[in-house]
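This report refers to the structure that appears directly beneath it.
Just so you know, ligand 1 is whichever comes first in the structure, and atom 1 is the first atom listed for that ligand. In this text the structure is predicted, and so the values were computed from the model without any measurement.
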Amino acid sequence: MNEWQGRTAVITGGGRGFGKAFAEALCERGAHAVLVDLDGDAGQQAAVDLASRQMSAQALQGDVTDAARMEQVMALAAERHGGIDLLINNAGLHSDEYGQPMRVLGLEKIRRLFDVNVMGTVTCTLASVPHMAGRAGANIVNISSMAAYLGGTAYGASKLTVAALTIAFASELGKDGIRVNAIAPGMILTETIKAELPEATKAMVRGGQALQTDGAERDIVEAMLYLSGSGARFVTGETLRVTGGLGAGV
Ligand SMILES: NC(=O)c1ccc[n+]([C@@H]2O[C@H](COP(=O)([O-])OP(=O)(O)OC[C@H]3O[C@@H](n4cnc5c(N)ncnc54)[C@H](O)[C@@H]3O)[C@@H](O)[C@H]2O)c1
């Protein structure tokens, strides 16, 4: 029995990159995917692409920081499919820009970064939980980053907070049978990262990895399938690093 058959996954930032790859993997296994993206066109295109391959995908435009819209989005997803089984808090600002020193970035951009990466995770979690109640195996996967453990940037601080929120929500929601875990990807060559990250930075990161190979979207997809699946039924509050051994240590 395929455990994803007929289950409903809401994926923020589902229009491209990891979000679209998560949706594709879940749809291939028979799940319904609801793609939430600020970029309505990207979300729509991704949903049309999946639907053209007989997959059950729907796009809903929205900003993860907009509480009213996220409540509406979760209600629409639940109404259409009978509830929500999996939320992936994936939408995030992460371009090279947000790795700049905070004095360069300035208050406005730092505030938006924390709004999207941190408050977006809180907002979508609170909006989805009422629709997960009582659904066996319901769980949440947050997307943190290896940058959380390397320090030095506002981006890393926002993603360390995502790891902290993972523990906090796991403690709070465990009594409702909802597991909450996170993935901390290292450098994964999505289209955005390929285009935005300078070659010198890519080479530097690669040099810090234990494995001298590049990370791909499927590595993060496999981690998501493990954490969201029944094989991880006793795992909650964890952040799984998928980094090729970047910054490996205790
Ligand atoms: N690619 C990597 O190497 C890497 C490494 C570590 C962590 N991450 C994290 O993984 C996640 C996805 O990364 P990606 O490389 O696929 O990113 P991406 O930029 O390719 O896609 C992100 C998507 O999120 C959407 N989005 C941005 N802000 C939003 C908002 N406020 N509301 C709704 N949607 C919004 C964008 O429109 C975009 O479609 C991010 O949280 C990122 O920080 C990525």
Checklist entry - Got the residues with a heavy atom under 4.0 Å of ligand 1, by chain and number? => result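 Ligand 1 pocket, heavy atoms under 4.0 Å: G13, R16, G17, F18, D37, L38, D39, G62, D63, V64, N90, A91, G92, H94, R112, V116, I143, S144, S145, Y155, K159, P185, G186, M187, I188, T190, T192, I193.
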
Next on the checklist: Restricting to side-chain contact (heavy atoms from CB on, under 4.5 Å), what partner residues turn up for T121, sequence neighbours left out?
Outcome noted: N89, T125, N142, V162, L165

Next on the checklist: Suppose we screen for side-chain contact (heavy atoms from CB on, under 4.5 Å). Which residues come up paired with R7, at least two apart in sequence or across chains?
Outcome noted: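 Once residues adjacent in sequence are excluded, the partners of R7 under the side-chain contact (heavy atoms from CB on, under 4.5 Å) criterion are D85.
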
Checklist entry - Can you name the one residue among I11, I88, N181 that meets side chain to side chain contact (heavy atoms under 4.5 Å, CB included) with M224? => result I88

Item to check | Listed once per pair and sorted, the ring pair (Phe, Tyr, Trp, His ring centres under 6.0 Å) pairs that draw on residues 15-71, sequence neighbours left out | outcome: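 Pairs touching residues 15-71 that pass the test: H32-H81.
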
Item to check | Test log, rule side chain to side chain donor-acceptor pair (under 3.5 Å), inputs Q72 and R69 | outcome: CA-CA 5 Å; Q72 196 180 41; R69 178 62 181 153; 2.6 Å; yes

Item to check | Which atom of W4 lies closest to which atom of S228, heavy atoms considered | outcome: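 What the structure gives for the nearest pair is CZ2-OG, 3.7 Å.
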
